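Each chain gets a letter, A, B and so on, in the order the sequences are listed, and its residues count up from 1. Heavy-atom basis, side chains included; hydrogens, waters and symmetry copies ignored. All of these numbers come straight from a predicted model, not from anything done at the bench.
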There are 2 protein chains.
Amino acid sequence: MTSESVSKDDDTAAGHTVNAPQGPSWKPVARSSTHELVINAIEEQITSGSLTVGDPLPSERELAAKLQVSRAAVREALRVMESLGVVVSNVGSGKSAGTFIASMPKEALTRFLRLHVALANFSIEEAIETRIQLERSSTALATGRVHDDALAGMNASLAIMDTPGVSLETFNDADTAFHVAIAHASENQLLSDLTEAIRGSLRRPILDAFHEVDDPRALMAQLQEEHHAIMQAIVDRDTDHAVQLTEDHIRSATAALPRLTQSRQERG
Amino acid sequence: MTSESVSKDDDTAAGHTVNAPQGPSWKPVARSSTHELVINAIEEQITSGSLTVGDPLPSERELAAKLQVSRAAVREALRVMESLGVVVSNVGSGKSAGTFIASMPKEALTRFLRLHVALANFSIEEAIETRIQLERSSTALATGRVHDDALAGMNASLAIMDTPGVSLETFNDADTAFHVAIAHASENQLLSDLTEAIRGSLRRPILDAFHEVDDPRALMAQLQEEHHAIMQAIVDRDTDHAVQLTEDHIRSATAALPRLTQSRQERG
DNA sequence: CTCACTTTAGTGGTCTGACCACACAAAGGA
DNA sequence: TCCTTTGTGTGGTCAGACCACTAAAGTGAG
């Protein structure tokens, strides 16, 4: 296989995949490099259920021999799977050594979003708008399901932010932890991870913007006041109020950080 | 070299609920393989703005020489970046050859979600619930912004689904295209890509579940009726109605596919 | 026998050097 | 001018060799 494909020369990056579905339905794209074949082989084992979290993969040398490819190709495939948070590799010997199916989607999502936000494939405005919608949802879900452990996590973050003289970085990280704790209480892992990843991808821009605010302490105090209001609404099981406060909170914070949504070219 | 430098990086800030500032502040985890260093080097160029979409990277051999690492390590890093949809590589010679910064987040996001749904790191219920929330948001945004081109795309998908005797696969793909067209009309790329990725990650499970429905034609007719209702609400700029119809539509479709939300172990 | 130490074997991590298929660009001939 | 040929640099792939690491098997002394 791998016969020559059509000479798709103008492969502009901004593909929108707008279709014209009545066309001859040309071959979409069937290129397959060796490491892609290895990835597909592993992915098939996963989607078919033959491999689940915790299972070991064959060693790199063994996998290379079985798939009739070089070890370098296997390694490239494993690095891809690793970057997706699907496998982890441990050196050494014994049962803890080798490559295993893992479940670490958060880090992968965060890096993914951070890179694409940096590349302006996703604008900061989009990320914030999406974050608002996600957190509205997770807040609504959390308000109905929240239990003591989750409340304790939120209170811990609030306590950090209540500490006088806390550094901006610490405040910001506790801020993130507070929102993530709410998302976690929604008991929806995907929603929670997405929330954390989006917030993580914005960490650096938010900190940079925060440093340019005239009166950071006043802003921190205002944000913290809003946090306590959200917390109270959650404790009161007042879903609608909590949701509205969450959206208002994010919007007001964004508005207070004008540098955040400026185009990056202007910030020298 | 390889002096155990503590690695200045702060990128490991993805930790969860790390605080306790009075502790000895032990090194959390600072391992850095060679290909990770290459990744960080490239990522730094991107986040600093030195590399933007369309820019070429040095050739693999040149990059290896500059970073003082082997070409294999560079390739592993590039494969990771490629899997994230951040770079593309073209063989050959001339200006179109080499590795370039790209913007193809959709495919990466789709594969990511597909794998993690397959691994049950994200349950199908979670994915559907998240999808509902995302599509509520995108529908609300789209209703206010929709223009003729976007309407044309939606109508094209509706026309496919209206075709009598259309295959289940074609119907399902047009169904996805319809919802994606709505998300696209929201003019929020992240929201749109997330919608498409979630729907894409569920494609196979949905098709499998659809095949086990007693009367697929009746279900398709019902879904299509709901699609037209959503379309009408969007055309009428009736945001609240469109949002409610969208949620009802997804929930009714899910309820009509009982196999979809069953645990995968039961489906033998 | 028990315990501590040494050896061994197998893992991922890394590097080197080589060859291939490819695609464009420049040189050459009609 | 047009087409062909050659050249050059690209990513793609491979084989083979070390290294660092770790757990388990082996070994010896007490």
message: Quick check: do Glu196(B) and Leu109(B) have side-chain heavy atoms less than 4.5 Å from each other?
response: no
To the nearest angstrom, how far is [X] atom [atom1] from [N] atom [atom2]?
{"X": "Phe100(B)", "N": "dA23(C)", "atom1": "CZ", "atom2": "P", "answer": "14 Å"}
{"X": "Asn90(B)", "N": "dG9(D)", "atom1": "CG", "atom2": "P", "answer": "19 Å"}
{"X": "Leu57(A)", "N": "dT11(C)", "atom1": "CG", "atom2": "C1'", "answer": "13 Å"}
{"X": "Glu76(A)", "N": "dC14(D)", "atom1": "CD", "atom2": "C1'", "answer": "11 Å"}
{"X": "His35(B)", "N": "dC15(C)", "atom1": "NE2", "atom2": "P", "answer": "12 Å"}
{"X": "Glu60(A)", "N": "dG12(C)", "atom1": "CD", "atom2": "C1'", "answer": "5 Å"}
{"X": "Leu78(B)", "N": "dT10(D)", "atom1": "CG", "atom2": "C1'", "answer": "13 Å"}
{"X": "Glu82(B)", "N": "dG11(D)", "atom1": "CD", "atom2": "C1'", "answer": "10 Å"}

message: Other residues, nucleotides and ligands only: do more than 12 of their heavy atoms fall within 6.0 Å of CD on Glu125(B)?
response: yes
Using nucleotides 18-22 of chain D, report all nitrogen or oxygen pairs with the protein that are shorter than 3.5 Å.
from, atom 1, to, atom 2, distance (Å)
dT22(D), O2, Ser93(A), N, 3.2

field: Nearest to side-chain heavy atoms of Arg75(A), which nucleotide of dC15(C), dG12(C), dT13(D)
entry: dG12(C)
- line: Contacts of Ser70(A) and Gly98(B) projected onto DNA chain D by closest heavy atom; the upstream (5') one is Gly98(B)
message: Between Glu82(B) and Arg79(B), does any side-chain N to carboxylate O distance fall below 4.0 Å?
response: yes
field: Glu62(A)/Lys66(A) ion pair, N-O < 4.0 Å
entry: yes
On the nucleotide [N], are OP1 or OP2 found under 4.0 Å from the side-chain N or O atoms that [X] carries?
{"X": "Ser59(B)", "N": "dT10(D)", "answer": "yes"}
{"X": "Ser33(A)", "N": "dG12(D)", "answer": "no"}
{"X": "Ser89(B)", "N": "dT10(D)", "answer": "no"}

- request: Report yes or no: does Glu126(B) contribute a side-chain atom to a donor-acceptor pair with the main-chain N or O of Leu190(A) at less than 3.5 Å?
  value: yes
- prompt: Relative to the ring of Phe210(A), is the ring of Phe171(A) parallel (under 30°), tilted (30 to 60°) or perpendicular (over 60°)?
  reply: perpendicular
Exercise answer: donor-acceptor pairs, residues 180-187 of chain A side-chain atoms, under 3.5 Å, sequence neighbours excluded:
from, atom 1, to, atom 2, distance (Å)
Ser186(A), OG, Ala183(A), O, 2.5
Ser186(A), OG, Asn188(A), N, 3.3

